[in-house]
K.L.:
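Below are the structure tokens for one structure; questions will follow.
These figures come from a predicted structure and were not determined experimentally.
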Amino acid sequence: MKNKSTLFLAQAAVIGAIYVVLTILFAPLSFGQVQIRFSEALTILPCFTPAAIPGLFIGCIIANVLGGAIPLDIIFGSVATLIGAVFTYRLRNNNRFLAPIPPIVANSVIVPFVLRYGYGVNLPIPLMMLTVGIGEVISCGILGMILYTALYKSKGIIFKSKKQTI
């Protein structure tokens with residue numbers, strides 16, 4: 001049991017650290033009403049390991065704090081990533097193309113309200129849902145699926161994964 005919990009903790013920590021590094025490295029694109037957060041590509045990782053769920057959540061909290069986000073964004077932006085990760089995990093045995101949908105939807109719905117009520121962005125919420133959604137489609141839907149394909153083809157070398165339907 002000790003090995004499994006150590007592996008879980010190590011995977012969560014590495015995933016969180018990579019999330020933070022990618023978010024801060026690409027900070028000009030990671031924050032704002034038009035954002036492409038490359039670190040969100042990692043939200044497909046719950047298909048491979050449940051350790052990705054806390055890793056992504058804590059990574060998002062740390063990235064938002066280091067990125068200078070306001071408390072409302074730190075909380076609700078991170079909760080959006082958590083929701084996306086949990087539902088991606090729940091879809092892990094379904095069609096792989098469903099994997100990026102939960103983080104795309106969660107962030108597209110939650111982040112515009114943070115932008116409006118936290119940062120005072122005076123754009124229509126549906127427009128911000130569209131702009132945030134486009135960024136999420138790029139990061140989760142395109143980059144995330146490229147990552148998914150690479151990990152899936154590695155046949156579980158990095159993560160032990162169950163066979164997914166295509």
Side-chain angles (χ1 to χ4, degrees), residues 11-12 14-64 66-67 69 73 76-115 121 123 125-159 161-166:
Q11 286 177 343
V14 168
I15 291 167
I18 293 169
Y19 189 100
V20 171
V21 168
L22 287 173
T23 302
I24 300 304
L25 187 63
F26 297 103
L29 296 172
S30 297
F31 300 95
Q33 62 260 29
V34 178
Q35 56 182 259
I36 301 170
R37 194 176 270 205
F38 294 112
S39 51
E40 286 287 304
L42 301 175
T43 58
I44 59 90
L45 293 180
C47 288
F48 298 93
T49 176
I53 297 168
L56 292 166
F57 180 57
I58 300 299
C60 189
I61 291 170
I62 294 169
N64 285 342
L66 294 176
D73 192 4
F76 289 102
S78 301
V79 166
T81 296
L82 177 62
I83 291 168
V86 166
F87 283 96
T88 296
Y89 178 75
R90 296 190 80 197
L91 291 173
R92 73 190 177 281
N93 294 321
N94 295 306
N95 187 306
R96 69 181 175 143
F97 293 106
L98 297 176
I101 292 175
I104 291 170
V105 171
N107 282 286
S108 296
V109 170
I110 294 171
V111 171
F113 288 95
V114 172
L115 292 171
V121 176
L123 292 172
I125 297 235
L127 176 63
M128 288 190 285
M129 286 178 168
L130 179 66
T131 61
V132 171
I134 290 169
E136 287 292 312
V137 166
I138 292 168
S139 56
C140 299
I142 296 171
L143 298 176
M145 289 310 296
I146 291 169
L147 177 60
Y148 181 101
T149 302
L151 290 173
Y152 187 73
K153 286 184 177 183
S154 76
K155 306 218 187 290
I157 293 169
I158 298 172
F159 301 108
S161 64
K162 295 180 182 177
K163 187 174 181 180
Q164 305 277 324
T165 57
I166 296 175

K.L.:
Can you tell me how far CD1 of Ile138 sits from CD1 of Ile104, rounded to the nearest 0.5 angstrom?
P.N.:
10.5 Å
K.L.:
When the side chains of residues 14-21 are checked against the rest of the protein, which donor-acceptor pairs come out under 3.5 Å, sequence neighbours left out?
P.N.:
| from | atom 1 | to | atom 2 | distance (Å) |
| --- | --- | --- | --- | --- |
| Tyr19 | OH | Arg37 | NH1 | 3.3 |
| Tyr19 | OH | Glu40 | OE2 | 2.5 |

K.L.:
Phe48 and Tyr148: aromatic ring centres closer than 6.0 Å?
P.N.:
yes
K.L.:
CZ of Phe76: more than 12 outside heavy atoms within 6.0 angstrom?
P.N.:
no
K.L.:
Output, in order, the C-alpha distance, side-chain angles, deciding distance and verdict of side-chain contact (heavy atoms from CB on, under 4.5 Å) for Leu151 and Leu45.
P.N.:
CA-CA 9 Å; Leu151 290 173; Leu45 293 180; 3.3 Å; yes
K.L.:
Taking all atoms of both residues into account, what is the closest heavy-atom pair of Ile24 and Ala63, and its distance?
P.N.:
CD1-O, 3.7 Å
K.L.:
Ignoring hydrogens, what is the shortest heavy-atom contact between Cys140 and Ile44? Give both atom names and the distance.
P.N.:
O-CG2, 4.4 Å
K.L.:
Rounded to the nearest 0.5 Å, what separates atom CE in Met128 from atom CG in Leu115?
P.N.:
5.5 Å
K.L.:
Begin from the C-alpha positions of Thr81 and Asn107 and carry the test side-chain contact (heavy atoms from CB on, under 4.5 Å) through to its verdict.
P.N.:
CA-CA 7 Å; Thr81 296; Asn107 282 286; 4.2 Å; yes
K.L.:
Using 0.5 Å steps for rounding, measure from the OG1 atom of Thr23 to the CG atom of Asn64.
P.N.:
7.5 Å
K.L.:
Sub-3.5 Å donor-acceptor pair from the side chain of Ser139 to the main-chain atoms of Ala41, do we have one?
P.N.:
no
K.L.:
Which residues pass the side-chain contact (heavy atoms from CB on, under 4.5 Å) test with Ile142, sequence neighbours left out?
P.N.:
Ile146
K.L.:
Rounded to the nearest 0.5 Å, what separates atom CG in Leu98 from atom SG in Cys47?
P.N.:
9.0 Å
K.L.:
Of all residues at least two apart in sequence or in a different chain, which pass the side-chain contact (heavy atoms from CB on, under 4.5 Å) check with Ala51?
P.N.:
Phe8, Gln11, Ala12, Thr49
K.L.:
Which distance, rounded to the nearest 0.5 Å, do you find between the OG of Ser108 and the CD1 of Ile101?
P.N.:
11.5 Å
K.L.:
Where is the tightest heavy-atom contact between Phe38 and Leu143, given as atom of each residue plus distance?
P.N.:
CD2-CD1, 3.2 Å
K.L.:
Could you give the distance from CE (Met129) to CD1 (Ile134), rounded to the nearest 0.5 Å?
P.N.:
13.5 Å
K.L.:
For the residue pair Ile53 and Tyr89, what are the closest heavy atoms and their distance?
P.N.:
CD1-CB, 3.7 Å
